[in-house]
Undergrad: 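Pasting a structure here, questions to come.
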Amino acid sequence: ADTDAAVDGCTAGSGADTVVFATGLAGTVTVGSSITIRTNVVIDGAVGGGAIVVSGGGQSRVFVVDQRIVVLRSLTVRDGFAPSGGGVLVVDGGSLTTELVTFADNVAAGNEATQGGGAVFVLEGTAAFRDGAFTGNTASTGLGSGGAVAQAPGTTVTFTRCTLSGNTAGRAGGAIENQAGTLTLIRTDFSGNDAGARPGNGGAVHVTGAGTVTADRGTVSDNVAREGGGFWNAEGAEMTLSGTAFTGNVAEEGGALYNDGGTLMLVGVTATGNTAEGDDGAGGAVWSDGRLAVVGGTFDQNTTTGPGGAIATDGEGTVVLVEAVLRANAAATGGGLHADRGRAVVIGGSILENTAADGGGIWAAGPLTVSGSRGDIPEDLAPGVPLPEATEPRLTSNTATGAAVGQGGGGLFLRRTSEATLSDARISTNAASGAAGTFSNSSVTTSHRSANAFSASASCQSALIYSLHT
């Protein structure tokens, strides 16, 4: 194909080529060394019924896409082996498109942090995967990243209606490693991927540097990492997820999502049954010390051994919730939301039926606004994202279980450093159920009254502002 010459009965060609297989042909082609493609070509297994497997035999990379436009269709690429891109390596501005292609059991064995991509490594160029599957691929060494796919800085990768399952990495990005590139996920599902032990970031997706990630729908379930059981977002990176569902992911911090100083925008996202466990457990669904915005969506039955059953912010990280629902989450502090020193804004929505020792609904140490007015939404919250009408925020039926002196706040617990403003809000039927009974029917607890500023224009049913002096 590279020379356009006649070969074994095939007529001489000109320009782009199409390679097809005989009808009914099936079996495995094992390459002795990688096939480097330097011409525009379509390799189409559909005519043969999609039963063609191209294998590296566990010894060799399968394809190199060098500068040209390559389309793989209705094939399986498996058992490739290389330092990066065990299945396919894209270099020198090459373009790879796959349709109905399965990548299975490929290995990237390089031991550098910039290496990885068990199935595919996009070093220079673009890749688009459509209706494909990535399963059992691995970046096998302690520094390997992107069990299935890794992309280098400045590259563009798109997944459309793909599944990535059972992929593993030694360092980060159990399924995908984005090294400051552009990553788009459309109706793409992740399940059972593992980012490894140390640092173990991003069970499904890990972003390094100033990369961007945009996701439209899709599911992220049962992935495992030390930080960010589902996705991990870096300082300087921007991640926008719309309609994605996170279920059953597990990490020490950020059961579903970990935002390490970047910008994380969640629009209509659901997070259910995610867990942040262990001695450093924090953020059953989300942990963030960057800029976090949540528009709509539901966070339900997430748990952690530490702060923030649904969401935990750390340091100066900020969080804005607009018409979000935080329900039946559990934590040590802040059953629904644990907000550290950074600003927290809650506009509309519901925080209900959450449980913690302190602050069954919300625990806050910095400026807190709970409001039913769109006027309290920061102007730069979500450029280009339609915002819903603000409704009356509800902080209801939350429980603080702490029995020690200084614990409580069924609805809200404020540290002495917090300044809280509640307006057009309903705070009702929250309880402090600790054995001491001191905070029963208490919706708000503040420690060090003299250092707190609290103003309210809210409907408070069976609510009590309780101040503890220590």
Side-chain angles (χ1 to χ4, degrees), residues 37 40-46 50 52-54 56 61-65 68-78 80 82 84-91 93-108 116-139 145-152 155-167 169 173-179 181-193 202 204-207 211-220 223 231 241 244:
I37 303 174
N40 297 341
V41 65
V42 176
I43 302 176
D44 191 348
I52 301 298
V53 178
V54 187
R61 178 186 290 124
V62 180
F63 294 111
V64 176
V65 177
R68 302 303 182 180
I69 299 172
V70 175
V71 178
L72 305 180
R73 184 178 296 135
S74 300
L75 300 168
T76 295
V77 177
R78 68 175 306 128
S84 289
V88 182
L89 176 66
V90 181
V91 296
S95 172
L96 172 67
T97 298
T98 71
E99 300 171 358
L100 297 169
V101 172
T102 296
F103 292 88
D105 302 324
N106 299 283
V107 176
V120 179
F121 188 93
V122 184
L123 180 61
E124 297 168 306
T126 65
F129 306 104
R130 299 171 188 156
D131 301 302
F134 296 76
T135 180
N137 304 285
T138 182
S145 298
V149 176
Q151 60 179 123
T155 60
T156 299
V157 174
T158 302
F159 292 81
T160 303
R161 298 180 301 275
C162 291
T163 61
L164 296 92
S165 60
N167 303 286
I176 298 174
E177 169 70 18
N178 175 2
Q179 301 169 1
T182 299
L183 174 64
T184 302
L185 307 168
I186 302 170
R187 296 189 180 185
T188 290
D189 301 328
F190 299 83
S191 64
N193 302 287
V205 175
H206 179 257
V207 184
T212 63
V213 177
T214 303
D216 177 14
R217 288 162 286 183
T219 62
V220 184
N223 303 283
F231 291 1
L241 313 180
T244 308

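Computation of the quantities below employed the complete heavy-atom set of this structure, encompassing side-chain atoms and omitting hydrogens, waters and symmetry-equivalent molecules.
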Undergrad: If we ignore hydrogens and angles and just use 3.5 Å, is the side chain of R68 paired with the main-chain N or O of V41 as donor and acceptor?
TA: no
Undergrad: Going by the side chain to side chain contact (heavy atoms under 4.5 Å, CB included) test, name the single residue among L96, V88, V90, L89 that passes it with F63.
TA: V88
Undergrad: Quick one: CZ on F159 to CD1 on I186, what's the gap to the nearest 0.5 Å?
TA: 11.5 Å
Undergrad: Decide side chain to side chain contact (heavy atoms under 4.5 Å, CB included) for L164 and T188; before the verdict, give the C-alpha distance in whole Å, the side-chain angles of both, and the deciding distance to 0.1 Å.
TA: CA-CA 8 Å; L164 296 92; T188 290; 3.5 Å; yes
Undergrad: Please say which of D105, V107, N106, N167 ends up in a side chain to side chain contact (heavy atoms under 4.5 Å, CB included) with T138.
TA: V107
Undergrad: Suppose we screen for side-chain contact (heavy atoms from CB on, under 4.5 Å). Which residues come up paired with A215, at least two apart in sequence or across chains?
TA: L185, L241, T244
Undergrad: Decide if atom CD1 of I69 counts as having more than 12 heavy atoms of other residues, nucleotides or ligands within a radius under 6.0 Å.
TA: no
Undergrad: Considering residues at least two apart in sequence or located in another chain, which fulfil the side-chain contact (heavy atoms from CB on, under 4.5 Å) criterion with V62?
TA: V54, V77
Undergrad: Check whether any side-chain heavy atom of F231 sits under 4.5 Å from a side-chain heavy atom of V220, and report yes or no.
TA: yes
Undergrad: For V53 and R78, what are the C-alpha separation, side-chain angles and deciding distance, and is it a side chain to side chain contact (heavy atoms under 4.5 Å, CB included)?
TA: CA-CA 7 Å; V53 178; R78 68 175 306 128; 3.5 Å; yes
Undergrad: Pairing donors with acceptors under 3.5 angstrom, does anything connect the side chains of D189 and T163?
TA: no
Undergrad: Side chains of I176 and L183, heavy atoms from C-beta outward: is any pair under 4.5 Å?
TA: yes
Undergrad: Looking at T98, I43, L100, which hits side chain to side chain contact (heavy atoms under 4.5 Å, CB included) with L75?
TA: I43
Undergrad: To check you understand the geometry: which heavy-atom pair defines the closest contact between G146 and A139, and what is its length?
TA: O-CB, 3.9 Å
Undergrad: Under 30°, 30 to 60°, or over 60°: which ring-plane class applies to F103 and F134, parallel, tilted or perpendicular?
TA: parallel
Undergrad: I'd like to check T97 versus F129 (side-chain heavy atoms, cut-off strictly below 4.5 Å). Are they in contact?
TA: no
Undergrad: Identify the heavy atoms of A108 and S84 that sit nearest to each other, and give their distance.
TA: CB-CA, 4.1 Å
Undergrad: Which atom names give the shortest non-hydrogen contact between D44 and R73, and what distance separates them?
TA: OD2-NH1, 3.1 Å
